[in-house]
Amino acid sequence: RPPFPSSLAAAWNVFVNAWQEQMPGLILPSTNFYPFFEFIFIAVAFGKSVLAQKLFFLLPPALSFSFMYWFLGKLGIQNRFAKFLAGLIFAINLVGIGEMVGGAPGSLVSTAFLPAIIWYSYRVFGQKENNLSQIILLALFSFLAFIFSDHIVIFLTGFILIFAFFNIWQ
């Protein structure tokens, strides 16, 4: 199959008909989410698959930069250059870009959500007052990160355990 569907119909056809095993020995089939997102990108690009592919590859670094810039602002850092530089370094994550080039673009997308997950984990588990919107946002960002890469569970488990441990000690 070509690396990116050539039309909306081809993207939808792959999404509807492409089933794969999660891992050897696991017999529960699941759909691959990439064709669904490819379908969305082709729709946004008005059916132009080359433009959709460029957007698909440029979105993860832009998301990484945006979330890190936002996260540092939430931490109270006022210096725009420092936030810009940290966001740029986080966006140009050579390990994530290497995995993306190697055929696993989801790992770069899922790490883009890490600053939001860390922030909302702190807000939900680290503070006594929780509101429903913070819990929903933590669940949403965690779900989106997990859709793109199941390796995010390693990070999430660590953060949740740390915040839960400190919450118990207080």
Open item on the list: Applying side chain to side chain contact (heavy atoms under 4.5 Å, CB included), can you list everything that pairs with F46, at least two apart in sequence or on another chain?
Closed with: none
Open item on the list: Quick one, F81 and L85 - any side-chain contact, counting heavy atoms below 4.5 Å?
Closed with: yes
TODO: Heavy atoms only: give me the nearest P61-A91 pair and the separation to one decimal.
DONE: O-CB, 3.3 Å
Task: Results of ring-ring contact (aromatic ring centres under 6.0 Å, His included) for F84 - residues two or more places apart only - done: F65
Task: same_hphob_cluster(I89, W70) at 4.5 Å side-chain heavy-atom cutoff - done: no
Open item on the list: Is any side-chain heavy atom of L114 closer than 4.5 Å to one of F141?
Closed with: no
TODO: Not counting sequence neighbours, which residues clear side-chain hydrogen bond (donor to acceptor under 3.5 Å, both in side chains) with T157? List them please.
DONE: none
Task: Cluster overlap I136 with I147, hydrophobic side-chain contacts below 4.5 Å - done: no
Task: Any residue meeting side chain to side chain contact (heavy atoms under 4.5 Å, CB included) with A112, in chain and number order, not counting sequence neighbours - done: L63, S64
TODO: Look up atom CG in L72 and atom CH2 in W119, then write down how far apart they are to the nearest 0.5 Å.
DONE: 11.0 Å
TODO: Can you spot which of F90, F113, Y120 makes a ring pair (Phe, Tyr, Trp, His ring centres under 6.0 Å) with F67?
DONE: F113
Task: Non-neighbouring partners of S121 that pass side chain to side chain contact (heavy atoms under 4.5 Å, CB included), sequence neighbours left out - done: I117, F125, L138, F163
Open item on the list: Working to the nearest 0.5 angstrom, can you tell me the gap between M68 CE and N93 CG?
Closed with: 10.0 Å
Task: Cluster link V109 to F143, ILVMFWY, side chain under 4.5 Å - done: yes
- [ ] Please list, chain by chain and in numerical order, all residues satisfying side chain to side chain contact (heavy atoms under 4.5 Å, CB included) with S66, sequence neighbours excluded.
- [x] none
Task: Connected via hydrophobic side-chain network under 4.5 Å: I77 and I118 - done: yes
Task: Least distance between heavy atoms, K83 atom then Q78 atom - done: CE-O, 4.5 Å
Open item on the list: With rounding to the nearest 0.5 angstrom, report the CG to OH distance, L88 to Y69.
Closed with: 12.5 Å
Open item on the list: Looking at every heavy atom in both F71 and P115, which two are closest together, and how far apart are they?
Closed with: CD1-O, 3.4 Å
